[in-house]
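Comments concern the structure below.
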Amino acid sequence: MADGAAQTLKSRVSAGEWQARVDLAALYRLVALHGWDDMIFTHISARVPGPEHHFLINPYGYYFEEITASSLVKVDLEGKIVQETQSFINPAGFTIHSAIHAAREDAHFVIHLHTVAGVGVAAQAEGLLPIGQNACLLQPQVAYHGYEGLALNHDERERLVADLGDKPLMLLRNHGTLAVGQTAAAAWVGMFFLERACAQQIAALSGGREHVLMAPEAAQAETREQGKGIGFVSGLAWPGALRLLDRKSPGYDA
């Protein structure tokens with residue numbers, strides 16, 4: 001979108017909505033920068049501050065590296081577009097994201113990916129294994145949801161929300177990964193560590209399960225306790241992520 005059009009939209013929305021747009025566009029660009037996008041598929045969404053229960057999602061057909069704050073589409077919880085736009089959205093993205101936004105007050109940002117490593121681990125019966133430090137930190141925070149086909153059935157929303165519970169991370173069986181955060185920073189850091197843990201597991205199991213060393217039980221328990229105090233990490237990592245975008249993928253905030 002041209003700079004003038006971006007300025008026009010910025011002047012027509014609240015400061016809170018514009019910041020949500022900028023943060024969400026940054027998440028799309030970061031996912032693309034890490035090679036975690038899936039062409040025009042998968043979604044990241046953000047709740048718009050205010051009582052209307054609106055949220056922002058990507059215009060269907062755009063690559064993640066193209067997303068800007070102004071190009072994001074605002075919809076209500078029924079999937080109806082509530083802004084003037086030439087774009088439309090993917091109904092599968094609406095099914096998953098609207099369910100979580102509606103059920104979780106803390107779900108300001110929701111990231112859903114179809115990475116090779118994420119789907120690989122989601123398709124393994126044992127799920128996330130305590131192979132590395134990242135997995136040991138995350139295991140208590142990861143929920144699981146069984147595969148039901150393309151996320152077009154609204155009946156699936158209740159089952160997905162029930163399976164997620166109050167956890168911030170999920171492996172959708174045979175499907176991919178999901179992260180929920182009260183801030184873009186929290187959602188991003190959660191997804192980063194989950195994807196890293198999945199990649200490490202795929203690498204470790206590439207030679208077979210038999211000789212893979214699992215972390216000792218005592219070390220797993222200790223790491224879980226240590227992990228309870230690392231919430232501040234997202235606040236440290238996010239500014240650096242934005243600086244990375246400014247160098248390698250500028251223009252997301254237009």
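All values below were derived from every heavy atom in this structure, side-chain atoms included, with hydrogens, water molecules and symmetry-related copies excluded. We count residues from 1, following the sequence as given.
Not a single donor-acceptor pair under 3.5 Å links the side chain of Gln141 to the backbone N or O of Leu169. Counting only distance, with no hydrogens or angles, the side chain of Arg157 and the backbone of Ile96 share no donor-acceptor pair below 3.5 Å. A donor-acceptor distance shorter than 3.5 angstrom exists from the side chain of Arg29 to the backbone of Pro250, with no hydrogens or angles considered. Checked by atom type and distance alone, the side chain of Gln139 pairs as donor or acceptor with a backbone atom of Leu128 at under 3.5 Å. Between the side chain of Arg224 and the main chain of Pro140, no donor-acceptor pair closer than 3.5 Å is present. Distance alone, capped at 3.5 Å, is enough to place a donor-acceptor pair between the Thr223 side chain and the Ala219 backbone. A distance-only check finds a donor-acceptor pair linking the side chain of Ser70 to the backbone of Ala254 [under 3.5 Å]. Panel note: side chain Arg247, backbone Leu242; no donor-acceptor pair is recorded below 3.5 Å. Without hydrogens or angle criteria, Thr42 side chain to Asp38 main chain gives no donor-acceptor distance under 3.5 Å. Listed for the Gln201 side chain is a donor-acceptor partner under 3.5 Å among the backbone atoms of Leu129.
At a threshold of 4.5 Å between non-hydrogen side-chain atoms, the residues Lys167 and Val142 do not count as touching. With contacts defined as side-chain heavy-atom distances shorter than 4.5 Å, the pair His101/His53 does not qualify. Side-chain contact between Lys248 and Leu30: absent, with no pair of heavy atoms (C-beta onward) separated by less than 4.5 Å. You'll find the side chain of Ile131 reaches within 4.5 Å of the side chain of Met214, heavy atoms only. By the 4.5 Å heavy-atom criterion applied to side chains, Asp253 and Thr68 are not counted as neighbours. In this structure the side chain of Leu77 reaches within 4.5 angstrom of the side chain of Phe55, judged on heavy atoms. At a threshold of 4.5 Å between non-hydrogen side-chain atoms, the residues Val73 and Ile81 count as touching. The side-chain heavy atoms of Asn134 and Leu194, taken from C-beta on, include no pair separated by under 4.5 Å.
Both Met39 and Tyr60 belong to a single network of hydrophobic side chains, linked directly or stepwise wherever heavy atoms of I, L, V, M, F, W or Y lie under 4.5 Å apart. The hydrophobic clustering, which links ILVMFWY residues whose side-chain heavy atoms are closer than 4.5 Å, places Leu33 and Leu113 together. The same ILVMFWY cluster, assembled from side-chain heavy atoms under 4.5 Å apart, contains both Leu137 and Leu236. Val110 and Phe41 sit in two unconnected hydrophobic clusters of ILVMFWY residues. Membership requires side-chain heavy atoms under 4.5 Å apart, directly or through other members.
From Leu171, atom CG reaches atom SG of Cys198 across 5.0 Å, with rounding to the nearest 0.5 Å. Atom CZ in Arg173 sits 9.0 Å away from atom CD in Gln124 (nearest 0.5 Å). To the nearest 0.5 Å, atom CD1 of residue Ile67 and atom CG of residue Asp37 are 10.5 Å apart. Summarising the geometry, atom NZ belonging to Lys74 is positioned 13.0 Å from atom NZ belonging to Lys80; distances are rounded to the nearest 0.5 Å. Atom CH2 of residue Trp36 and atom OG1 of residue Thr115 lie 8.0 Å apart, to the nearest 0.5 angstrom. Atom CD1 of Ile100 and atom OG1 of Thr95 lie 11.0 Å apart (nearest 0.5 Å).
Here the shortest heavy-atom pairing between His97 and Ser45 reads ND1-OG, 2.6 Å. In terms of heavy-atom proximity, Asn174 sits nearest to Tyr147 at OD1-CB, 3.7 Å. Contact between Ala204 and Val212 at its shortest, heavy atoms only, is O-CG2, 3.3 Å. In plain terms, the two heavy atoms of Ala197 and Ala135 that are nearest each other are CB-N, 3.9 Å. When all heavy atoms of Leu172 and Ala122 are compared, the closest pair comes out as O-CB, 3.3 Å. Of all the heavy atoms in Leu9 and Arg21, the pair that sits closest is CD2-NH1, 3.8 Å.
Neither side chain, Thr177 nor His112, offers a donor N or O lying under 3.5 Å from an acceptor on the other. Under 3.5 Å, the side chains of Glu105 and Gln182 contain no donor-acceptor pair of N or O atoms. If you check the side chains of His54 and Asp76, you find no donor sitting under 3.5 Å from an acceptor.
For CD of Gln133, the number of neighbouring non-hydrogen atoms (other residues, nucleotides, ligands) closer than 6.0 Å is 12 at most. Heavy-atom contacts from other residues, nucleotides or ligands closer than 6.0 Å to CD of Gln83 number more than 12.
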(request) Show the numbers, then the answer: is there a side chain to side chain donor-acceptor pair (under 3.5 Å) between Glu65 and Ser249? (result) CA-CA 8 Å; Glu65 66 184 19; Ser249 187; over 6 Å; no

(request) Let me see the working for Ile57 and Leu72 under side chain to side chain contact (heavy atoms under 4.5 Å, CB included), right down to the final yes or no. (result) CA-CA 6 Å; Ile57 199 163; Leu72 293 161; over 6 Å; no

(request) Might you work through the side chain to side chain contact (heavy atoms under 4.5 Å, CB included) test for Arg159 and Glu148, ending with a clear yes or no? (result) CA-CA 10 Å; Arg159 293 185 290 275; Glu148 300 187 25; 2.8 Å; yes

(message) As a quick check of understanding, evaluate side chain to side chain contact (heavy atoms under 4.5 Å, CB included) for Leu56 and Val75, giving each step before the final call.
(response) CA-CA 6 Å; Leu56 303 165; Val75 300; over 6 Å; no

(message) Run the side chain to side chain contact (heavy atoms under 4.5 Å, CB included) test on Tyr144 and Leu164 for me, step by step, so that the C-alpha distance in whole Å, both residues' side-chain angles and the decisive distance to 0.1 Å come before the verdict.
(response) CA-CA 7 Å; Tyr144 294 84; Leu164 179 62; over 6 Å; no

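Glu158 pairs by the side-chain hydrogen bond (donor to acceptor under 3.5 Å, both in side chains) definition with nothing, not counting sequence neighbours.
Side-chain rings of His145 and His175 stay apart, their centers remaining 6.0 Å or farther from each other.
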With a cut-off of 3.5 Å and sequence neighbours excluded, list every side-chain donor-acceptor pair involving residues 185-192.
none

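A ring pair (Phe, Tyr, Trp, His ring centres under 6.0 Å) with Tyr28 is found for one member of Phe64, Tyr62, Tyr63 and no other, namely Phe64.
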